[in-house]
Amino acid sequence: MQDLRRRLSDTVGEAFARAGLAAELGRVTSSDRPDLADFQCNGALAAAKAEKANPRALAERVVAELAGSPDLARVEIAGPGFINLTLTDAALAARAAEIAADPRFGAERVAVPRRVIVDYGGPNVAKPMHVGHLRASIIGESIKRLFRFRGDEVYGDAHFGDWGFQMGLLIVAVAEEQPELAFFQAGEGPFPAESPVSLADLERLYPAAAARAKSEPEFRDLARRATAELQAGRAGYRALWRHFVEVSRSALIREFTALDVNFDLWKGESDADPLIAEMVQTLEDKGLLVLDQGARIIRVARDDDKRDLPPLLVVSSEGSAMYGTTDLATILDRRRTLDPQLMLYVVDQRQADHFVQVFRAAYLAGFASEGELEHIGFGTMNGVDGKPFKTREGGVLKLHDLISMATEKARERLTEAGLGAELTAEAFEATAHKVAVAALKFADLGAYRGTSYIFDLDRFMSFEGKTGPYLLYQAVRIKSLLRKAAEAGAAAGAIRVTEPAERELALTLDAFEGALAEAYAKRAPNLIAEHAYRLAQAFAKFYAACPILSATEPERVASRLGFVQTTLGQLECALGLLGIATPERM
RNA sequence: GCGCCCGUAGCUCAGCAGGAUAGAGCACCAGAUUCCUAAUCUGGGGGCCGUGGGUUCGAAUCCCGCCGGGCGCACCA
């Protein structure tokens, strides 16, 4: 069940072929001039360039071949040779009816599903999530949902940062504060089952230790040795480390759940550790490892590189694994377990070079084929001053505090609207939370992921304009209308298209598939956000222009209720792909 | 220094497989409600698309230079 754009592309493509031109030129797009037509084809212009012919004359030939197409009310040539296509109301109504009957609201599936791992979120042991994690979580979650909806078999992996130097830092920090702990004794244990540290301890110890490591080489070396010993399997360190991981993970899951971000896999960097020794041997056997300044590296530069790409560091001069090492071993691990056809890394754009290094190393080692690994980079979130987001005191804002701020603002707005009186305290709180999450997510996903954006809570939380709350409002208004319809015993029926607002709504509903297809191809959720907003707007127009329950004829009520129901379904579907849930009232 | 990204309306951002009059939201101005959530809708003003060249019948979009901003450049992730 294709969308109108695809069907028209086929029709017009055939007309191009019959006119002796390339069928690919028949590509149809939605009209740039909705006042003139529904769709357009610019193929005659491209054909004219190739054939050195008059574009209007070529367009005439194509249009002649289109004569008699039953769905087209008008076919016109405009300007230098645009072919403008206008559908009949009946064809539009038929398509709307298809969408209404479709549990996928007009969206298609990929022809050949792939197994895909989306690696996102990037939480770390001992580090509370901060605003920097917001984008990775929001964008990754949306891409995961989009790929899954398109029909791929998708696994979201949190890829927990639970290995490497920061663990050594924590171990020496705890050892310094509580040297009497059993964990620091040699031997195989047993070791205490209770964690000697709380989340607050970890959050206090880690930044202090990280800062000290920068200024005190002795301390840094101590931590490096601890890291190496942990990775070598020292039992006490392992036992202590497991406590760090558990304390951190349970806190992180709470944070992610608040954002409606859910992972299928909580694999950590440590899971790749058992593979490292073997992997290093394999890399050695393949002749990829080179000893350089005491470290073992893989050279990944290529002749046609425009700059000097540093090698991938596989084993540090201390003998420990680096994040590139675990990333590489993780690819090997995934190859052996899930064997995905695609791995998407939703990570800050600033790590682009790192991923180029890791991916090339993986290709060289034969752990993946060219094109199976993809870095989905994103820009930073900046403050209203245009600089990376900071708290008023200049520190990094915790994600938890950010969500609290947004929720508080949502409560204020809802109270202003008098919603507090209508809902139970519990329902009010749930709604406020939904509004807050919608505001944050829509603001983030509304902009193209690659560019940085300015975080302005007041703007995001506005109930007017291109915001999450506006979209929720439209959905809520529809739900309210449908409740009234149910009370009145009115039901949706055959869809008819008569009013201009109905035409526009039908065309917008049809555009869902195109938006999703492009969002999928470009890994760009902002296109879904854009569609959701257009749909909400088209509905608002329809709602203002067309009486629904109070329409005079029962057929019209039924038809319009069909539009209403379908709009709600597609809107909630689109918002769902953005990770946004709608409340019942607001 | 080398490389990557960005520069579009007062502000925040789309558009960039070249194509008609460059769009949206906010802000500003003017309207609309006996009726389904007006937290809405309608209309209006506002732009040498950073800049200078080039390719093309046609450039915000492609190529080159320059200016301005952000970021990255192995033993932290």
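For the numbers below, each heavy atom of this structure counts, side chains included, while hydrogens, waters and symmetry mates do not. Here is the naming used below: chain letters follow the sequence lines, and residue numbers restart at 1 for every chain.
Taking only side-chain nitrogens and oxygens, Arg477(A) comes nearer than 4.0 Å to OP1 or OP2 of A38(B). In terms of phosphate contacts, Tyr473(A) brings a side-chain nitrogen or oxygen within less than 4.0 Å of OP1 or OP2 of A38(B). The side chain of Tyr470(A) places an N or O atom within less than 4.0 Å of a non-bridging phosphate oxygen (OP1 or OP2) of C41(B). Listed pair Lys541(A) / U40(B) fails the phosphate criterion, with no side-chain N or O lying under 4.0 Å from OP1 or OP2. Contact check, Arg224(A) against C76(B): a side-chain N or O comes under 4.0 Å of OP1 or OP2. In terms of phosphate contacts, Ser316(A) brings no side-chain nitrogen or oxygen within less than 4.0 Å of OP1 or OP2 of C75(B). The phosphate of U12(B) (OP1 or OP2) has no side-chain N or O of Lys466(A) nearer than 4.0 angstrom. Between Thr451(A) and A14(B) there is a side-chain polar atom (N or O) within less than 4.0 angstrom of OP1 or OP2. Side-chain nitrogen and oxygen atoms of Gln351(A) include none within less than 4.0 Å of the OP1 or OP2 phosphate oxygen of C71(B).
No engagement by Leu169(A) is indicated, since no non-hydrogen atom pair under 4.0 Å with the nucleic acid exists. Counting any heavy atom pair closer than 4.0 Å across all strands shown, Ala78(A) reaches a base atom. Across all strands, Lys49(A) comes closer than 4.0 Å to base atoms (heavy-atom distances). Using a 4.0 Å heavy-atom cutoff across all strands shown, Gln349(A) reaches no nucleic acid atom at all. Residue contacts shown for Gln357(A) are absent, as no nucleic acid heavy atom lies under 4.0 Å away. Across all strands, Cys546(A) comes closer than 4.0 Å to base atoms (heavy-atom distances). Among the atoms of the strands shown, none is found under 4.0 Å from any heavy atom of Ala352(A). Across all strands shown, Asn84(A) has heavy atoms under 4.0 Å from base atoms, whether or not it also approaches the sugar-phosphate. At a threshold of 4.0 angstrom between heavy atoms, the contacts of Glu416(A) with the nucleic acid are absent. Residue-level contact check: Pro547(A) touches the bases, meaning some heavy atom is under 4.0 Å from a base atom. Within the nucleic acid shown, Asp162(A) has no heavy atom closer than 4.0 Å to any nucleic acid atom. At a threshold of 4.0 angstrom between heavy atoms, the contacts of Tyr543(A) include nucleobase atoms, whether or not backbone atoms are also involved. Across all strands shown, Asp305(A) has no heavy atoms under 4.0 Å from either base or sugar-phosphate atoms. Nucleic acid contact class of Gly465(A) (heavy atoms, under 4.0 Å, all strands): sugar-phosphate only.
The aromatic rings of Trp266(A) and Phe160(A) lie perpendicular to each other, with more than 60° between the two planes, well past the 30° mark. Between Phe355(A) and Tyr345(A), the angle of the ring planes lies from 30° to 60°, which puts this pair in the tilted group.
For the strand RNA chain B, secondary-structure stems (runs of at least three Watson-Crick or G-U pairs, all distances below 3.5 Å) span B:1-7 with B:67-73, B:10-13 with B:23-26, B:28-32 with B:40-44, B:50-54 with B:62-66.
Taking atom P on both C66(B) and C26(B), the two are 41 Å apart, rounded to the nearest angstrom. Comparing G23(B) with G15(B), their P atoms are spaced 15 Å from each other, to the whole Å. Taking the P atom of each, U8(B) and C48(B) are spaced 12 Å apart, rounded to whole Å. Between G65(B) and C28(B), the two P atoms lie 44 Å apart (nearest whole Å). Taking the C1' atom of each, U33(B) and G45(B) are spaced 26 Å apart, rounded to whole Å.
Counted within 6.0 Å of CG on Asp303(A), heavy atoms from surrounding residues, nucleotides or ligands total 12 or fewer; the atom is thus considered open.
The ring of Phe82(A) lies on top of the base of A20(B), close enough and flat enough: under 5.5 Å between centres, under 30° between planes.
Not one N or O on the side chain of Thr508(A) forms a donor-acceptor pair closer than 3.5 Å with the backbone of Leu535(A).
Taking only side-chain atoms of Ser480(A), from C-beta outward, the nucleotide of A77(B), U37(B), C41(B) with the closest atom is U37(B). Nearest to the side-chain atoms of Leu481(A) among the listed nucleotides A77(B), C36(B), U40(B) stands C36(B). When distances are taken from the side chain of Ala447(A) to each of C13(B), C76(B), G72(B), the shortest belongs to C13(B). Of the candidates A20(B), A14(B), C75(B), the closest approach to any side-chain atom of Ser317(A) belongs to C75(B).
The closest side-chain heavy-atom distance from Arg360(A) to Arg302(A) is below 4.5 Å. Within the 4.5 Å cutoff, side-chain heavy atoms of Val172(A) are placed close to those of Phe219(A).
Taking atom NZ of Lys127(A) as the reference point, atom P of A77(B) lies 8 Å away to the nearest angstrom. Taking atom CG of Asn42(A) as the reference point, atom C1' of C57(B) lies 15 Å away to the nearest angstrom.
Asn54(A) meets the side-chain hydrogen bond (donor to acceptor under 3.5 Å, both in side chains) test with no other residue; sequence neighbours excluded. Among residues two or more places apart in sequence or in another chain, the side-chain hydrogen bond (donor to acceptor under 3.5 Å, both in side chains) test is passed with Asp353(A) by Arg307(A).
Looking at Arg523(A) and Glu518(A), no side-chain N of the basic residue comes within less than 4.0 Å of a carboxylate O on the acidic one, giving no salt bridge. Salt bridge status for Arg534(A) with Glu504(A): absent, with no side-chain N to carboxylate O gap under 4.0 Å.
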